[in-house]
Protein chains: 2
Amino acid sequence: MSIEKTSDRALSQTVKAQLALRELVLRGALNPGERVSELQMVERLGVSRTPVRMALVRLEEEGLLEAIPSGGFAVKAFSEKEVFISIEIRGTLEGLAARLAAERGVGRSELLEAAACLDEIDEVVRREMLEIDLSQYVELNARFHRILIDMADSPPLARQIERASALPFASASALVPVQSRSPELHHILTVAQDQHRCVLTAIERREGSRAEAIMREHARIAHRNLERALTNQRDMDLVPGSALIKRRIRA
Amino acid sequence: MSIEKTSDRALSQTVKAQLALRELVLRGALNPGERVSELQMVERLGVSRTPVRMALVRLEEEGLLEAIPSGGFAVKAFSEKEVFISIEIRGTLEGLAARLAAERGVGRSELLEAAACLDEIDEVVRREMLEIDLSQYVELNARFHRILIDMADSPPLARQIERASALPFASASALVPVQSRSPELHHILTVAQDQHRCVLTAIERREGSRAEAIMREHARIAHRNLERALTNQRDMDLVPGSALIKRRIRA
DNA sequence: CCTGAGCAGACTGTATACAGTTAACGCGCT
DNA sequence: AGCGCGTTAACTGTATACAGTCTGCTCAGG
């Protein structure tokens with residue numbers, strides 16, 4: 001009504017509001033702890049109160065907002081510990097997925113698809129020493145993780161992992177960009193990729209327990225990246241949603 | 001407006017609708033796969049469309065409903081496998097909680113509270129051989145699990161476990177009543193209680209890995225109960241929400 | 001100058017009206 | 001009699017109006 005009217009025809013107002021609001025929160029346009037006023041969002045997003053309300057509820061379920069006792073929602077602030085445990089939760093669930101995949105056994109075609117994805121990552125990592133653009137790696141990494149989760153063939157688990165990855169810095173590749181300035185970049189990517197290969201081998205050989213352990217440890221790479229980001233503001237800025245993380249010291 | 005007007009003053013319409021709708025779904029008043037019409041619920045619950053809509057969204061996040069592509073929601077039907085994996089997810093997360101509790105170390109007062117809870121359960125189990133009422137056991141069991149989760153001191157993990165336990169038959173004590181007719185009842189409760197004691201000891205001694213393994217195995221008792229319920233309709237009827245589970249054979 | 005009470009503003013929770021779309025039902029044609 | 005098409009009815013998505021409540025500010029009293 002106020003901004004634009006002739007775009008995004010196919011998108012429902014609710015989805016539009018949800019995307020826009022998430023973007024605002026992750027960009028740090030709204031300060032953590034701050035109340036998110038419906039009416040303000042109405043004029044900021046150009047949709048009416050109903051879809052805004054809907055978006056608020058969904059983002060609260062997603063974990064980006066929290067309900068205020070007296071009503072309404074506020075931007076959630078995350079402590080370092082909360083981020084840490086969120087990563088651990090994701091790793092645990094992905095570990096479970098890997099174990100299930102190994103125990104049930106996966107078809108040849110799925111294994112080949114995963115292997116092909118890993119080959120592509122290999123290629124990117126090899127080039128990576130020269131080029132700094134990580135976007136392709138991030139995308140391929142996300143794809144491999146998705147393939148892995150699909151291998152478990154368990155919608156409820158997939159859903160739960162999606163939940164766990166909703167916190168922006170908890171997802172599989174959210175903290176990868178932190179290493180972009182690091183000389184260790186190639187080292188880290190090499191190790192991560194080796195874990196990818198190992199877990200796939202384990203699944204192929206039906207070694208459930210091993211597959212699980214590898215995926216758990218794999219997620220802990222994010223712990224290291226988090227540690228690094230927390231001590232370096234410049235690295236922090238590379239992470240979407242970093243504004244939501246309470247800094248260690250603020251003096 | 002249609003049914004009653006002078007009750008539940010303190011409850012918001014949204015919460016009222018959510019509770020009533022959940023009750024309807026779990027009782028099996030709505031058939032799995034069936035669309036849940038907003039207007040029908042309006043006249044059935046006595047609140048207007050807005051709170052009903054809100055309740056529908058929340059119950060979908062909870063996992064009891066699923067979105068219909070063309071709009072609206074339908075009652076979700078669960079396959080045997082989905083129930084199985086849901087239990088496994090809960091066990092895995094509770095295992096993580098136990099490990100975290102062990103690794104961080106918990107205070108004396110918390111340990112004592114948990115031990116006191118276990119003593120109460122002991123008493124109930126001892127009596128249980130005569131009396132058939134399991135409600136007290138179910139309540140105490142839930143309390144112990146809650147204490148355990150609190151020991152991890154991780155709100156994000158607690159939240160995720162709550163999510164995983166939202167599916168009625170996935171929660172810690174949903175399938176306990178299945179055993180109420182069984183001569184094995186005392187046996188099962190004894191084993192479960194031993195696991196409770198063991199996990200508490202493990203946490204006390206900071207044996208994280210052991211605590212985790214025990215909690216995982218502990219959850220798998222529910223697998224057995226599920227197995228039993230699936231082969232016996234009479235047992236099945238004791239489980240709230242059993243109407244949502246697709247039976248093995250339906251001929 | 002400080003404290004407490006009252007008032008005003010804003011904000012959320014709720015209800016309902018409206019429009020676009022989907023789906024079902026019935027009728028006609030083959 | 002079966003199939004396809006058109007019409008109709010219901011349902012969801014959206015917008016907005018209304019009422020209760022909480023918060024924060026101001027003014028008066030100590």
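Letters go in sequence order (proteins before strands), and every chain restarts at 1.
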Sequence neighbours left out, what pairs pass side chain to side chain donor-acceptor pair (under 3.5 Å) with at least one residue falling in residues 91-101 of chain A?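 Only A:Arg90-A:Glu94, A:Glu94-A:His145, A:Arg99-A:Glu103, A:Arg99-A:Glu212, A:Arg99-B:Glu88 qualify under side chain to side chain donor-acceptor pair (under 3.5 Å).
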Rounded distance in Å - [atom1] ([X]) to [atom2] ([N]):
X       : N      : atom1 : atom2 : answer
B:Arg49 : C:dT14 : CZ    : C1'   : 13 Å
B:Glu43 : C:dT16 : CD    : C1'   : 16 Å
A:Arg35 : D:dG24 : CZ    : P     : 9 Å
B:Glu38 : C:dT22 : CD    : P     : 16 Å
B:Met41 : D:dT12 : CE    : P     : 10 Å
B:Met54 : C:dA15 : CE    : C1'   : 14 Å
A:Gln18 : D:dT14 : CD    : P     : 12 Å
A:Arg53 : C:dT16 : CZ    : P     : 16 Å

Of the listed nucleotides ([options]), which one gets closest to any side-chain atom of [X]?
X       : options                : answer
B:Leu39 : D:dA15, D:dT12, C:dT12 : D:dT12
B:Gln40 : C:dT14, D:dC11, D:dG13 : D:dC11
B:Ser37 : D:dG13, D:dC11, C:dC11 : D:dC11

Close side-chain approach of A:Phe73 and A:Leu59, heavy atoms under 4.5 Å: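 When only atoms from C-beta onward are counted, A:Leu59 and A:Phe73 do not touch, as no gap falls below 4.5 Å.
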Taking it one step at a time, do A:Arg163 and A:Glu61 satisfy salt bridge (charged side-chain N to carboxylate O under 4.0 Å, His left out)? CA-CA 9 Å; A:Arg163 284 267 160 79; A:Glu61 300 283 345; 5.7 Å; no
So, is A:Ser48 close to the D:dA15 phosphate, meaning a side-chain N or O under 4.0 Å from OP1 or OP2?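 Answer is yes, contact under 4.0 Å.
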Using a cut-off of strictly less than 4.0 Å, decide whether A:Thr14 has a side-chain nitrogen or oxygen near OP1 or OP2 of D:dT14.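 Affirmative; the distance criterion is met.
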Classify the nucleic acid contact of A:Val36 as base, sugar-phosphate or nothing, counting any heavy atom under 4.0 Å across all strands shown.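 Since only primed, P, OP1 and OP2 atoms lie under 4.0 Å of A:Val36, the category is sugar-phosphate.
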Applying a 4.0 Å non-hydrogen cut-off, can you work out what A:Val52 is touching in the nucleic acid: base, sugar-phosphate, or nothing?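 Nothing, no nucleic acid heavy atom in range.
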Flag the pair B:Lys246 and B:Glu80 as a salt bridge only when some basic side-chain nitrogen lies within less than 4.0 angstrom of an acidic carboxylate oxygen.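 Judged by the 4.0 Å cut-off on N to carboxylate O distance, B:Lys246 and B:Glu80 do not form a salt bridge.
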Contact list for DNA chain C against residues 65-73 of chain A - heavy-atom distance below 4.0 Å: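 Residues of residues 65-73 of chain A that come under 4.0 Å of DNA chain C are, in numerical order, A:Gly71, A:Gly72.
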In terms of the angle between their ring planes, are B:Phe169 and B:Phe78 parallel, tilted or perpendicular, with boundaries placed at 30° and 60°?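 B:Phe169 and B:Phe78: perpendicular rings.
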Quick one: list whatever passes side-chain hydrogen bond (donor to acceptor under 3.5 Å, both in side chains) with A:Arg35, sequence neighbours left out.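 side-chain hydrogen bond (donor to acceptor under 3.5 Å, both in side chains) check on A:Arg35 returns nothing, list empty.
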How far apart are the closest heavy atoms of B:Tyr137 and B:His196, and which atoms are they?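 Looks like OH-CE1, 4.3 Å.
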